[in-house]
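The next block holds one structure in the form of structure tokens; read it before the comments.
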Amino acid sequence: MTTIRSYNDELKFLEKIDSHCWRIKKGFVPNMKVEGRFYVNSHLEKLMFDELKQACTYQNKGGFLPGVKQIGNVAALPGIVGCSIGLPDIHSGYGFAIGNMAAFDMDDPEAVVSPGGVGFDINCGVRLLRTNLQMKDVIPVKEQLAQAMFDHIPVGVGSKGIIPMGARDLEEALEMGMDWSLREGYAWAEDKEHCEEYGRMLQADPSKVSARAKKRGLPQLGTLGAGNHYAEIQVVDEIYDMHAAKKMGIDRLGQVCLMIHCGSRGLGHQTATDALVQMEKAMKRDKIEVNDRQLACARIHSKEGQDYLKSMAAAANYAWVNRSSMTFLCRQAFAKQFNTTPDDLDMHVIYDVSHNIAKVEEHMLDGKQKRLLVHRKGSTRAFPPHHPLIPVDYQMTGQPVLIGGTMGTCSYVLTGTEKGMRDTFGSTCHGAGRAWSRAKSRRNLDYQQVLNQLTADGISIRVASPKLVMEEAPESYKNVTDVVETCHTAGISKKAIKLKPIAVIKG
């Protein structure tokens with residue numbers, strides 16, 4: 001268990017490196033193998049330390065661990081290298097904090113993989129499409145377009161997909177990822193080029209995904225789900241880097257884009273749950289000790305570790321197929337509304353990023369090239385210019401990084417940097433990050449007031465469960481601009497484009 005100390009004693013282990021970065025010294029929690037680090041500005045810093053103070057005051061009753069403690073506990077996992085890193089959107093999660101990334105040495109036989117470092121919604125991610133429409137084209141038909149999208153995309157907790165899928169199709173989708181979507185006519189060839197991992201993790205093994213997970217996933221393909229998932233019609237509000245924007249096909253303010261945020265639905269959740277059960281057994285056998293049982297893990301090269309990585313890859317492929325299916329449905333909705341074709345509307349994918357995933361990558365560490373298993377939970381890959389794993393289009397600008405905001409605020413497109421590659425293993429934030437728990441949001445907000453405010457801001461909304469809107473209200477989250485500015489100022493990614501929503505589709 002994590003040691004309980006007074007707030008002032010805890011502060012002795014935290015040291016400010018510069019205006020946007022703090023160090024967590026060894027000893028903050030037991031058994032730390034490396035130091036921790038987190039990125040915040042002055043406003044986010046206050047939220048971080050208030051959370052720690054609250055945990056000290058209540059002596060962690062109820063098992064709540066603040067994000068800064070979770071960064072420390074991750075730093076105690078076997079085989080971790082560099083630092084355990086918290087991005088500015090960090091908040092308490094299961095095992096790893098959400099917004100916590102860590103890398104493990106593939107050559108270290110003790111190194112582990114932890115499902116808590118990926119999350120339950122495996123390959124939850126964001127996809128951004130551009131159009132050649134302008135705001136003036138959409139505003140007169142905004143309500144009809146929002147309704148068309150709501151009608152085309154199944155949303156909500158129990159939503160079922162309309163993409164035809166049998167058991168054999170599911171097996172193939174789990175193995176092939178976006179190659180399945182391409183073969184079946186639900187994706188364009190160019191979509192794949194503009195997707196992390198080209199929309200397919202090759203180590204995926206559908207036989208490692210349980211029958212129960214497949215049963216949950218079978219009816220849900222092409223569905224948005226609930227929670228913080230959304231499809232948004234957005235317009236370009238500001239361009240900070242015109243060269244990068246033009247490479248993405250964005251060349252003017254008011255240009256209409258479409259952002260889709262979703263993941264692997266029930267299949268991913270069940271895959272993570274199944275793995276945690278197996279890993280608890282592996283930990284007993286291999287005598288692996290962790291500070292928090294939510295950090296259940298297995299040696300990377302053990303059977304349990306490899307089974308998880310293969311099943312996680314299959315769930316990641318499912319998520320890419322899911323986003324591709326919704327892209328198909330959105331293209332249909334737009335084409336129907338404007339009585340033309342998606343191609344004529346230039347509805348190309350700018351990029352598709354994952355923010356709940358673990359991947360083997362090559363990184364420089366202490367002057368040597370190393371193969372690392374990089375866990376990114378609530379964090380986004382942000383590779384710099386000239387990196388071989390990013391598309392040809394973006395070789396000169398760096399990888400596009402999609403940062404979804406909260407409905408009613410704004411979203412951003414960033415690009416990866418060399419500094420980020422050195423300091424955070426090519427990782428940056430993934431969104432705004434929660435400031436309030438879902439329960440606190442429901443207690444403190446009125447759903448009708450939230451809906452009224454969105455209407456007053458000129459944002460059309462279609463939502464399956466209006467009373468759950470409070471959980472996703474802007475007040476429930478950190479300020480996404482604070483988060484993005486922190487990453488930009490720290491140099492771990494660079495601002496390119498700001499987008500604001502004009503219509504939101506939610507579960």
Side-chain angles (χ1 to χ4, degrees), residues 126-155 161-164 178 180-195 199 221-224 229-237 239 245-262 320-352 391 393 400 402 404 407 411 413 458-462 497-506:
V126 180
R127 174 175 291 207
L128 184 66
L129 290 82
R130 66 174 189 250
T131 75
N132 56 20
L133 296 165
Q134 282 289 101
M135 189 171 173
K136 61 181 173 58
D137 302 318
V138 171
I139 291 299
V141 295
K142 186 175 62 167
E143 293 296 336
Q144 297 95 307
L145 189 55
Q147 190 60 46
M149 285 177 60
F150 193 69
D151 291 341
H152 275 73
I153 303 170
V155 302
I162 55 174
I163 302 291
M178 278 181 68
W180 182 88
S181 301
L182 199 56
R183 189 191 74 189
E184 299 296 317
Y186 297 119
W188 299 352
E190 309 93 282
D191 295 352
K192 215 180 106 141
E193 297 301 312
H194 288 170
C195 186
L221 194 69
T223 63
L224 196 57
H229 294 163
Y230 60 77
E232 277 189 4
I233 303 169
Q234 303 173 334
V235 294
V236 176
D237 193 40
I239 297 176
K246 282 186 173 177
K247 287 289 184 186
M248 299 176 207
I250 302 292
D251 59 6
R252 60 204 183 279
L253 299 181
Q255 188 172 343
V256 174
C257 296
L258 179 66
M259 185 176 275
I260 299 168
H261 173 210
C262 66
W320 278 312
V321 173
N322 196 28
R323 288 200 284 279
S324 296
S325 301
M326 274 183 282
T327 300
F328 171 79
L329 296 170
C330 287
R331 283 170 172 159
Q332 297 291 95
F334 267 72
K336 184 177 178 183
Q337 180 61 48
F338 291 100
N339 196 27
T340 184
T341 65
D343 200 31
D344 284 342
L345 292 171
D346 192 36
M347 295 189 75
H348 286 274
V349 172
I350 290 175
Y351 208 60
D352 179 304
D393 301 8
L402 311 175
M407 59 180 189
S411 297
V413 184
I459 300 167
S460 300
I461 183 160
R462 296 293 185 278
I497 302 165
K498 179 183 174 186
L499 302 153
K500 68 175 184 180
I502 58 172
V504 183
I505 313 302
K506 288 192 76 72

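Numbering starts at 1 and runs along the sequence shown.
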Should Trp188 and Asp343 count as side-chain neighbours, where that means a heavy-atom distance under 4.5 Å?
-> yes
Quick one: are His152 and Cys330 in side-chain contact, heavy atoms under 4.5 Å?
-> no
Closest non-hydrogen atoms of Cys257 and Val236, given as atom of the first, atom of the second and distance, are SG-CG2, 4.2 Å
Side-chain contact, heavy-atom cut-off 4.5 Å: Ile497 with Leu499?
-> yes
What's the shortest heavy-atom distance between Met259 and Gly404, and which atoms?
-> SD-CA, 4.1 Å
Counterpart residues, side-chain contact (heavy atoms from CB on, under 4.5 Å), relative to Ser325 (two or more places apart) = Ile163, Leu221, Val321
Heavy-atom side-chain contact between Thr327 and Ile260 under 4.5 Å | yes
Report, as yes or no, whether the 6.0 Å neighbourhood of atom NZ on Lys247 holds more than 12 heavy atoms from other residues, nucleotides or ligands.
-> no
Where Leu145 and Ala333 come nearest, the two heavy atoms and their spacing | CD1-O, 4.2 Å
Quick one: do Asp151 and Lys336 make a salt bridge, cutoff under 4.0 Å?
-> no
Would you please say whether a donor-acceptor pair under 3.5 Å links the side chains of Asp393 and His194?
-> yes
Closest non-hydrogen atoms of Pro400 and Tyr351, given as atom of the first, atom of the second and distance, are O-CD2, 3.4 Å
Under 4.5 Å between any side-chain heavy atoms of His348 and Asp346, yes or no?
-> yes
Audit row: Phe334, Leu133, side-chain contact (heavy atoms from CB on, under 4.5 Å) steps and yes/no = CA-CA 10 Å; Phe334 267 72; Leu133 296 165; 3.9 Å; yes
Electrostatic pair Arg462:Glu143 at N-O distance under 4.0 angstrom | yes
Rounded to the nearest 0.5 Å, how far apart are CG of Leu345 and CZ of Arg331?
-> 10.5 Å
Is Leu258 close to Glu232 at the side-chain level, that is, under 4.5 Å between some pair of heavy atoms?
-> no
Value for CD (Gln332) from OH (Tyr186), rounded to nearest 0.5 Å, stands at 10.0 Å
Hey, does the side chain of His229 reach the backbone of Leu224 with a donor-acceptor pair shorter than 3.5 angstrom?
-> yes
Phe150 and Lys506 have their tightest heavy-atom pair at CE1-O, 4.1 Å
Run the side-chain donor-acceptor check on residues 248-256: report pairs under 3.5 Å with partners two or more places apart or on a different chain.
from: Arg252; atom 1: NE; to: Gln134; atom 2: OE1; distance (Å): 2.8
from: Arg252; atom 1: NH1; to: Gln255; atom 2: OE1; distance (Å): 3.3
from: Arg252; atom 1: NH2; to: Asn132; atom 2: O; distance (Å): 3.2
from: Gln255; atom 1: OE1; to: Asp251; atom 2: N; distance (Å): 3.1
from: Gln255; atom 1: NE2; to: Thr131; atom 2: O; distance (Å): 3.0
from: Gln255; atom 1: NE2; to: Gly249; atom 2: O; distance (Å): 3.0

Closest contact, heavy atoms only, Tyr230 versus Ser411 = OH-OG, 4.3 Å
Mind checking side-chain contact (heavy atoms from CB on, under 4.5 Å) for Ala503 and listing every partner two or more places apart, or none if nothing turns up?
-> Lys142, Ala146, Ile233, Ser460
CD1 on Ile505 to NE2 on His261, rounded to 0.5 Å | 15.5 Å
Given side-chain contact (heavy atoms from CB on, under 4.5 Å), test Val349 with Glu190 step by step and report yes or no.
-> CA-CA 8 Å; Val349 172; Glu190 309 93 282; over 6 Å; no
Heavy-atom donor-acceptor pair, Arg323 side chain to Asp352 backbone, under 3.5 Å = no
Tell me, with the steps shown, if Lys192 and Ser324 meet side-chain contact (heavy atoms from CB on, under 4.5 Å).
-> CA-CA 9 Å; Lys192 215 180 106 141; Ser324 296; over 6 Å; no
Report yes if the side chains of Asp191 and Met178 come closer than 4.5 Å at any heavy-atom pair, otherwise no.
-> yes
From CZ (Phe328) to OG (Ser181), nearest 0.5 Å = 10.5 Å
Does the side-chain contact (heavy atoms from CB on, under 4.5 Å) test come out yes or no for Ile459 and Met407, once each step is laid out?
-> CA-CA 9 Å; Ile459 300 167; Met407 59 180 189; over 6 Å; no
Less than 4.5 Å apart, any side-chain heavy atom of Leu402 and any of Val413?
-> yes
